[in-house]
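Step one of this worksheet: look at the structure below.
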Amino acid sequence: MREKYLLRCPGCGRSFPDRYTLNCPSGCDTLLRTVYAERRLTPRSLPGIFRYKDWLPIEGHLRVDAGPVSYESEHLARELGLLHLTITFSGYWPERGAGMETCSFKELEAQPTALRLREKGAGGVIQVSSAGNTGRAFCQVSGLTGAPVVVVVPTAAAGRLWTTVPAENVCLITVDGDYSDSIAFGREVCSLPGIVPEGGAKNVARRDGMGTVMLDGTLSAGRLPDYYFQAVGSGTGGIAAWEAAERLVADGRFGPRLPELHLSQNLPFVPMVRAWEAGRRTIVAEDMPDAEAAIARVYADVLTNCHPPWGIRGGVRDAFLASGGRMYAVANEDARGAGRIFAETEEIDLDPAAAVAVASLARAMEEGLIDPGKHILLNVTGGGYQRVAEDLDRYPVDPFLRVAAGTTLDGDLRDDIEAWLAEQEVAAYA
Ligand SMILES: *Cc1c(COP(=O)(O)O)cnc(C)c1O
Ligand SMILES: [Zn+2]
């Protein structure tokens, strides 16, 4: 293999070069995987996640110093009675060298995705539908690199879109409706020539970007963890952890066994917990009763995804089957309490989703579900909002268009977005 990497379909087994490919060319319904020529992980002297460039589907790097930061916990570990707790933190925490200024691990996805598109995507502009953290991360990367992006969010979530550098190449469209309505309008926008979807879990750059948490935590501890804890909405981070762990096992220096996956969701919206407990390959309506009302009641709403890549080949269920582990349903008050304990012991504020993961770890200890002497990697997927508010200027991203739910891309809207594209000097591409 002369290329740095190839894509491989776990369905038909075909391998092929990457052309910003999101789906198997033979039409298999799978998550494609990257296969890297380099089997040993050699950290590079590059900023942020580009330290792990060998195992990212990119050729160059961005001058962005924002990556995961790992350390061995003393205070939370003592509080919970654990002997070997590695915390991998993605967010803003200058004392620990953590510089993800939009405060969530979605920046791990946005950086390689933007770069992969520039390198392999023939000049297309990326489109992202988001309820908050993902959109903010892509706006930030756009602000840092100048790469244009089209972000579609529910109008009610527009306030979550801010950056810490001016982001002048963002086309923000707000939809009067929920996240699903934003996804639907995002799909409309992608019918325009020159605009391409980011692809969610199907995008190998997003998964391998998130996989740097496992790489960083493992290098920090000098070995693969026995247990990996994370709160999940789509579960993409869980898949990424499994894929990265497989690479580390193949590397040979970090231990022979895949870590167990301990993934958590926030009650009352816990579709993957239910599908796992029922042994179902697909998520069905009874896994999310009263979905709308349930979503409105959770503390960590970034964890509410109605269509996670659960049963798809290479998805969350396959990750569980390969790694073992369990799922946790965490109540709001337990998550809030865990967030407070984390802030007291480790001295940084958490994203609500990260607090759900901490609560699941506390529960695992209380109920004797894990061996307290084994090695744990806790993926703290977001935090430091209070620190950012104290330290940095935040620029709100202004909406370019506002549309009603169910809107199709009629002549005027099409003209507006094409005019924006032309301004980005990429409209020549078609
Ligand atoms: C998106 C998000 C999650 C869930 O990640 P997935 O692996 O995609 O399910 C957890 N925590 C935070 C802070 C997030 O933004
Ligand atoms: Zn295939």
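Counting starts at 1 for both ligands and their atoms, following the listed order.
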Quiz item: Aromatic ring centroids of W93 and Y71 under 6.0 Å?
Solution: yes
Practice problem: Specify the closest pair of heavy atoms between L108 and P68, including all atoms of both residues, with the distance to one decimal. | Solution: CD2-CD, 3.6 Å
Quiz prompt | Close-contact set for ligand 1 against Q230 heavy atoms, below 4.0 Å | solution = 5 (O), 6 (P), 7 (O)
Quiz item: What are the two closest non-hydrogen atoms of C139 and A167, and how far apart are they?
Solution: O-CB, 3.7 Å
Quiz item: What's the shortest distance from atom 6 (P) of ligand 1 to any protein heavy atom, and which residue and atom give it?
Solution: S234 OG, 3.5 Å
Exercise. Would you mind running through ligand 1 and noting each atom that sits below 4.0 Å from a heavy atom of M210?
Key: 7 (O), 8 (O)
Self-check item: Proximity to ligand 1 by part of N133, non-hydrogen separation under 4.0 Å
Solution: side chain
Quiz item: Counting each atom of ligand 1 from 1 as listed, which ones have a heavy atom of D351 under 4.0 Å away?
Solution: 13 (C)
Exercise. Output the list of atoms in ligand 1 that are nearer than 4.0 Å to some heavy atom of K106, sorted by atom number.
Key: 1 (C), 2 (C), 3 (C), 14 (C), 15 (O)
Quiz item: Does any pair with a residue in residues 299-314 pass salt bridge (charged side-chain N to carboxylate O under 4.0 Å, His left out), and if so which ones, sequence neighbours excluded?
Solution: R160-D301
Practice problem: Would you check the N or O atoms of G235, main chain and side chain alike, for any that come under 3.5 Å of an N or O of ligand 1? | Solution: yes
Quiz item: Would one find more than 12 heavy atoms of other residues, nucleotides or ligands at under 6.0 Å from atom CD of E59?
Solution: yes
Quiz item: Above 12 or not: heavy atoms from other molecules or residues under 6.0 Å from CZ of R253?
Solution: yes
Quiz item: Where is the nearest protein heavy atom to atom 7 (O) of ligand 1: which residue, which atom, and how far?
Solution: G237 N, 2.6 Å
Self-check item: Heavy atom of the protein closest to atom 5 (O) of ligand 1 (residue, atom name, distance)
Solution: F105 CZ, 3.5 Å
Quiz item: Does V232 approach ligand 1 within less than 4.0 angstrom via side chain, backbone, both or neither, non-hydrogen atoms only?
Solution: both
Practice problem: Write down the atom of G325, the atom of F320, and the distance for their closest heavy-atom approach. | Solution: C-CE2, 3.9 Å
Practice problem: Under 4.0 Å, heavy atoms only, figure out whether ligand 1 is touched by the backbone of A231, its side chain, both or neither. | Solution: backbone
